[in-house]
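In what follows, a structure is listed as structure tokens, so that the remarks can point back to it.
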Amino acid sequence: MTNPVPAADLDRVTGFAIPDRHVRGRVTRLGPVLNDILSAHAYPAPIEKLLAEALTLTALLGSTLKDAEGQMTLQAQTQRGIVSLMVCDYKNGELRGYVQFDATRLSRLGKNPSLSALFNGGYLAVTFDQAVTKERYQGIVPLEGASIAEAAQSYFLQSEQIPTLVRLGVHKDKTTGRMIAGGLFLQHLPEGEVGRERLHVRLDHPEWQHVEALGSTMGADELADQAIHLEGLVWRLFNEESEVRMLAGHDLSRGCRCGADYIQQVLAKFPEEERAAMADEGGVIKVDCAFCSKQFPVALADFVPPAL
């Protein structure tokens, strides 16, 4: 583990592998990108923390895509919860996310409401879309656990039967109000040898128990400590392993794919009479982007469907 580390280790995700343990992992830390996304909405503290954790998880999972133009989407949705919808996605290093919630009901809770108090059931959906092969994979599981990290672990166990550990940490500076979030993602992979039991159905396998025990010692404060480089986090956990391979890292950025051209393409999919019904008295369709909180007015008189 002699890879050079950057001077500033924020808004980056990097992978690693422990061959002798049949384990792969990811570590990430978000800073300016996280705060840019959060700044689009005046979220109260509990929602802000929830979305920060979800965006960190999205960076960890999305960066496993081999297809650079592929997209990974994380969605938590309920019908009775204070949070009715949370959506985050990752595409080619770009992150975005938002939360829909009932502010009145939220105000009746304490400062640190549980995941069950916020969602009241519901489900967690993880979707991988491959741009090159056009393949789409989606797993849906009940939204369970004390945190979004535990819900993600449940997803991999139930949907893919892969032992997984997720650790997330969020810190907010009381002076500046800026947030830093970090995450660790570990998975035990099958050996793939013919005739052998697949490791990912062995939750009690000693290799996984060893790695899981080490990973569980990683504290939330360490993950969100920008003074510790990501490679340093991996070293702290696994410096006694015979080999740890650091993989290429990826820079992260805030990415919202809304824009005038995109809005025109979406509206072109609707029949002319439906577009007319969307317009206000002045003949203007006002399209809001939930991710970046921008509004795009489109005048029907000036609307020209883009060429196919």
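- Arg136 pairs by the salt bridge (charged side-chain N to carboxylate O under 4.0 Å, His left out) definition with Asp129, not counting sequence neighbours.
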Would Val126 and Phe156 satisfy side-chain contact (heavy atoms from CB on, under 4.5 Å), going step by step from the backbone distance to the final call?
CA-CA 10 Å; Val126 179; Phe156 280 103; 5.8 Å; no
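- Evaluation of the side chain to side chain donor-acceptor pair (under 3.5 Å) test over residues 92-106, restricted to residues two or more places apart or in two chains, returns Asp89-Arg96.
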Between Leu34 and Ile180, does the side-chain contact (heavy atoms from CB on, under 4.5 Å) criterion hold? Intermediate values first, please.
CA-CA 7 Å; Leu34 172 63; Ile180 294 177; over 6 Å; no
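- Of the inter-residue distances, the one linking Leu143 atom CG with Leu115 atom CG reads 5.0 Å to the nearest 0.5 angstrom.
- Exactly one of Thr78, Val99, Leu124 qualifies for a side chain to side chain contact (heavy atoms under 4.5 Å, CB included) with Met86. That residue is Val99.
- Atoms CD1 and CD, on Ile162 and Gln187 in that order, are 5.0 Å from each other to the nearest 0.5 Å.
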Using side-chain contact (heavy atoms from CB on, under 4.5 Å), reason through His171 and Asp221 one step at a time and then give a plain yes or no.
CA-CA 7 Å; His171 172 73; Asp221 55 339; over 6 Å; no
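- Applying the side chain to side chain contact (heavy atoms under 4.5 Å, CB included) criterion to Arg26, with sequence neighbours excluded, gives Val13, Leu60, Ser63, Thr64, Phe185, His250.
- The shortest non-hydrogen separation linking Leu186 to Trp208 is O-CH2, 3.8 Å.
- In this structure, a donor-acceptor pair under 3.5 Å is absent between the side chains of Thr164 and Gln153.
- Residues Phe101 and Pro44 approach most closely at CZ-CD, 3.5 Å, considering heavy atoms.
- Scanning for side-chain hydrogen bond (donor to acceptor under 3.5 Å, both in side chains) contacts around Thr133 gives Glu135, with sequence neighbours left out.
- Under the rule for a salt bridge (charged side-chain N to carboxylate O under 4.0 Å, His left out), the partners of Glu243 that lie at least two apart in sequence or sit in another chain are Arg245.
- Applying the side chain to side chain contact (heavy atoms under 4.5 Å, CB included) test to Ser116 and every residue at least two apart in sequence or in another chain returns Ser114.
- Counting only distance, with no hydrogens or angles, the side chain of Glu274 and the backbone of Pro271 share no donor-acceptor pair below 3.5 Å.
- Summarising the local packing, CG of Asn112 is surrounded by 12 or fewer heavy atoms from other residues, nucleotides or ligands at distances under 6.0 Å.
- Side-chain N or O atoms of Thr28 include one that pairs as donor or acceptor with a backbone N or O of Arg12 at under 3.5 Å.
- A distance of 8.0 Å separates CD1 of Ile82 from CD1 of Ile47, quoted to the nearest 0.5 Å.
- Side-chain atoms of Asn239 come within 3.5 Å of backbone N or O of Trp235 as a donor-acceptor pair.
- How far CZ of Arg24 is from CG of Leu189: 5.5 Å, rounded to the nearest 0.5 Å.
- At distances below 3.5 Å, not a single donor-acceptor pair connects side-chain atoms of Arg178 with backbone N or O atoms of Gly31.
- Among pairs with a residue in residues 108-142, none fulfils ring-ring contact (aromatic ring centres under 6.0 Å, His included), at least two apart in sequence or across chains.
- In this structure, Pro113 and Leu118 approach most closely via the heavy-atom pair CG-CD2, 3.9 Å.
- Remark: side-chain polar atoms of Arg29 are paired, donor with acceptor, to backbone N or O of Leu223 under 3.5 angstrom.
- When hydrophobic side chains of Ile, Leu, Val, Met, Phe, Trp and Tyr are connected at separations under 4.5 Å, Val284 ends up as a singleton with no cluster partners.
- Looking only at distances, a side-chain donor or acceptor of His188 sits under 3.5 Å from a matching main-chain atom of Arg21.
- The side chain to side chain contact (heavy atoms under 4.5 Å, CB included) search around Glu144 returns Pro142, Ser154, Gln158, not counting sequence neighbours.
- The heavy-atom pair separating Leu57 from Ala152 by the smallest distance is CD2-CB, 3.6 Å.
- For Ala40, the side chain to side chain contact (heavy atoms under 4.5 Å, CB included) partners two or more places apart in sequence, or in a different chain, are Arg254, Ser293.
- Thr56 and Gly183 get closest at one heavy-atom pair: CG2-N, 3.6 Å.
- A 6.0 Å sphere centred on CD of Gln79 holds no more than 12 heavy atoms belonging to other residues, nucleotides or ligands.
- By the salt bridge (charged side-chain N to carboxylate O under 4.0 Å, His left out) test, Lys91 pairs with no residue at all, sequence neighbours left out.
- Looking at heavy atoms from C-beta onward, Gln75 lies in side-chain contact with Leu85 at the 4.5 angstrom threshold.
- In this structure, Ile148 is not a member of the same hydrophobic cluster as Ile140, with clusters built from ILVMFWY side-chain heavy atoms closer than 4.5 Å.
- Glu53 CD to Glu48 CD: the interatomic distance, rounded to the nearest 0.5 Å, is 11.5 Å.
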Could you go step by step and tell me if Asp36 and Ser253 meet the side-chain contact (heavy atoms from CB on, under 4.5 Å) rule?
CA-CA 9 Å; Asp36 284 349; Ser253 61; over 6 Å; no
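- Paired with Leu230 under the rule side chain to side chain contact (heavy atoms under 4.5 Å, CB included), one option of Val234, Ile228, Leu233 passes, and it is Leu233.
- Here ring-ring contact (aromatic ring centres under 6.0 Å, His included) pairs that include residues 34-65, with residues two or more places apart or in two chains, are His41-Tyr43.
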